[in-house]
Amino acid sequence: MSLKTPVIVLNVKSYEESMGERGLALALACEEVTAETGVVTAICPQMVDLAWIARQVKVPVFSQNTDIYEPGSCTGWTVAEAVKEAGAIGTLLNHSEHRLRLDVIEHVISKNKGLGLVSIVCTNNTPVTRAAAALGPEMVAIEPPELIGSGISVSKAQPEIVEDAVSAVKKINPGVKVLCGAGISTGEDVKAALALGAEGVLLASGVVKAANPKAALLDLAGGI
Ligand code: G3P
């Protein structure tokens, strides 16, 4: 499996606005925007909605996290095999709101590769981005935590962190693609991200909390 770029990845987190039917509506909005604009979108539904939503949309679906464990007696954890069976093509790992140990990240990336699942590893700064790139995921997503949910776009407020991440990753492992996220909410933010060398964006509140999520997605797609 692979995820085409440039891409808009929507992580719906655990917001009230993205639970159940509202999560499906967000996934369908992604599907419509891709159909209307040709811009690749992907969605990370709430974990409890993953299989249900993946069955109903054509856009790529990602898990918000995958744990290190094997199928079997491990209550409450999410195993990669189940993520695949649910219809996801990959997983976010190490999100700022769900940090993982380096050895866990390495193990899950490697296991995902064996299963044909795409790993997107989130990072918070350049050194962590370097470490993540060295592990060989398909993508890293640089997200300064202080801008997450702020409405202040990383691509405009901290362009240097995106540029540094891109240049660090390309030195270490040129095959790894770089996304950026935190505060991205408009097409201008996306345009700025791509101009800095990012191959897409990872975002949440700008769409999930928008009065009209489809209109927000269309605006974002306009930046590509
Ligand atoms: O996973 C996306 C993320 O952490 C950015 O959140 O709300 O700033 O777009 P937001």
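Counting starts at 1 for both ligands and their atoms, following the listed order.
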Looking only at protein heavy atoms, which one is nearest to atom 6 (O) of ligand 1, and what is the separation? Lys13 NZ, 3.3 Å
Using a strict cut-off of less than 4.0 Å between a Lys/Arg side-chain nitrogen and an Asp/Glu carboxylate oxygen, indicate whether Arg99 and Glu143 qualify as a salt bridge. no
Any N/O pair Tyr15/ligand 1 closer than 3.5 Å: no
Crowded around Lys214 NZ? As in, over 12 foreign heavy atoms under 6.0 Å? yes
So which protein heavy atom does atom 3 (C) of ligand 1 come closest to, and at what separation? Glu143 OE2, 3.2 Å
Under 4.0 Å to a heavy atom of Asn11 - the qualifying atoms of ligand 1, by number: 1 (O)
For ligand 1, which atoms, with element, lie under 4.0 Å from some heavy atom of Leu203? 2 (C), 9 (O)
CD (Glu81) with more than 12 external heavy atoms under 6.0 Å: yes
Side-chain heavy atoms nearer than 4.5 Å, only ILVMFWY residues, links allowed to pass through others: does that put Val108 and Val121 together? yes
Considering both backbone and side-chain atoms of Gly181, is one of its nitrogen or oxygen atoms within less than 3.5 Å of a nitrogen or oxygen in ligand 1? no
Closer than 3.5 angstrom, by distance alone: can the side chain of Thr34 be matched with the main-chain N or O of Cys30 as a donor-acceptor pair? yes
Pair Leu26-Val207, side-chain contact (heavy atoms from CB on, under 4.5 Å): steps then yes or no: CA-CA 8 Å; Leu26 288 165; Val207 170; 4.1 Å; yes
Near Ile148, which atoms of ligand 1 are under 4.0 Å from a heavy atom of that residue? 4 (O), 6 (O), 8 (O)
Donor-acceptor pair, distance only, cut-off 3.5 Å: does the side chain of Asp67 make one with the backbone of Val79? no
Could you find the nearest protein heavy atom to atom 4 (O) of ligand 1 and give me its residue, atom name and distance? His95 NE2, 2.8 Å
Looking only at atom types and distance, does a side-chain atom of Ser18 sit under 3.5 Å from a main-chain N or O of Val12, one as donor and one as acceptor? yes
Please write down residue, atom name and distance for the protein heavy atom closest to atom 9 (O) of ligand 1. Ala204 N, 2.8 Å
Gly149 versus ligand 1: do any nitrogen or oxygen atoms come within less than 3.5 Å of each other? yes
Atom 7 (O) of ligand 1: the protein heavy-atom neighbour that sits closest, reported with distance to 0.1 Å: Ser205 OG, 2.5 Å
Looking only at distances, please establish whether an N/O atom of ligand 1 is found under 3.5 Å from an N/O atom of Gly183. yes
